[in-house]
Amino acid sequence: MSDDQTASPVHVRLAHADDDEFILSLAERFVDFELPAWRKRSETLNGIRADIARHLRELPAASHLFVAEDDEGERLGFLHLQTQKDFFTGALNCHISDIVVSLDCEGGGIGSELIAYAERWAKQHRCRHVTLAVFPGNERAREFYERRGFGTELVRMVKVVK
């Protein structure tokens, strides 16, 4: 599915096997901020890479991976959507599992294009909400999401077992 509805130079398409290396190369962006004290950067990064690799390999039915590219086919970022049942209502939701833009493309509107794509996709698939999770220390991402209408619903609390 391509995003040709606007005059934007960004096109979003389904990811394919040739995109795996590109997608995995962006994983470090997910830990490029202050993590909670109990999270080790290397463990967190390894867990994220393993999860993305599993989705690329297994292609679960409720998992949808997309790549953003420009008119020349240069890959700019990726988006991983998952459909999930809402805990409280049972309604179908679209969860943004992963969204990331290449470092050299940051601030160029690619993230906004990916969020807009996720919202259109969610509407097409009759989802009630678009959800995502973000670490508290990722202030830039939190502000980005808030500017696009996302609000806090639940706060996940953690205590280290000693």
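Residue numbers run from 1 in the order of the sequence given.
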Asker: Can you give me the closest heavy-atom contact between L114 and G77, atom names plus distance?
Answerer: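 Looking at all heavy atoms of both residues, the shortest contact is CD1-C, 4.5 Å.
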Asker: When you compare the side chains of S63 and H80, does any donor N or O come within less than 3.5 Å of an acceptor on the partner?
Answerer: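 Checked: S63/H80 side chains pair up, N/O donor to acceptor below 3.5 Å.
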Asker: Can you tell me how far OG1 of T131 sits from CG of L81, rounded to the nearest 0.5 angstrom?
Answerer: 10.0 Å
Asker: For H11 and D70, does a side-chain donor sit closer than 3.5 Å to a side-chain acceptor?
Answerer: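 There is no such pair (donor and acceptor under 3.5 Å, judged by atom type) between the side chains of H11 and D70.
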Asker: Using a 3.5 Å distance criterion without hydrogens, assess whether the side chain of R148 forms a donor-acceptor pair with backbone atoms of I115.
Answerer: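 Here the side-chain-to-backbone pair does not exist.
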Asker: Quick check: does any side chain N or O of N93 sit under 3.5 Å from a backbone N or O of H129, one acting as donor and the other as acceptor?
Answerer: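 Between the backbone of H129 and the side chain of N93 there is a qualifying donor-acceptor contact (under 3.5 Å).
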Asker: Check for a donor-acceptor pair, side chain of D51 on one end and backbone N or O of I48 on the other, with a separation under 3.5 Å.
Answerer: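 Here the side-chain-to-backbone pair does not exist.
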Asker: Quick one about S102 and R75 (side-chain donor to acceptor, distance below 3.5 Å, no hydrogens or angles considered), yes or no?
Answerer: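 Their side chains do not contain a donor-acceptor pair, so the 3.5 Å distance test is not met.
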Asker: Look at the side-chain heavy atoms of Ile, Leu, Val, Met, Phe, Trp and Tyr, link any pair under 4.5 Å apart, and say whether V100 and I96 land in one connected group.
Answerer: no
Asker: Output yes when R41 and E34 qualify as a salt bridge under the 4.0 Å nitrogen-oxygen rule, no when they do not.
Answerer: no
Asker: Would F30 and I52 count as a side-chain contact (heavy atoms from CB on, under 4.5 Å) here? Give the steps.
Answerer: CA-CA 12 Å; F30 290 114; I52 294 170; 4.0 Å; yes
Asker: Do the ring centers of F78 and F22 come within less than 6.0 Å of each other?
Answerer: no
Asker: Can you check whether S42's main-chain N or O pairs, donor with acceptor, with N46's side chain at less than 3.5 Å?
Answerer: yes
Asker: Using 0.5 Å steps for rounding, measure from the CH2 atom of W121 to the CZ atom of F66.
Answerer: 6.0 Å
Asker: Are E106 and R29 close enough for a salt bridge, meaning some N to O gap below 4.0 Å?
Answerer: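 Result for this pair is yes, salt bridge flagged.
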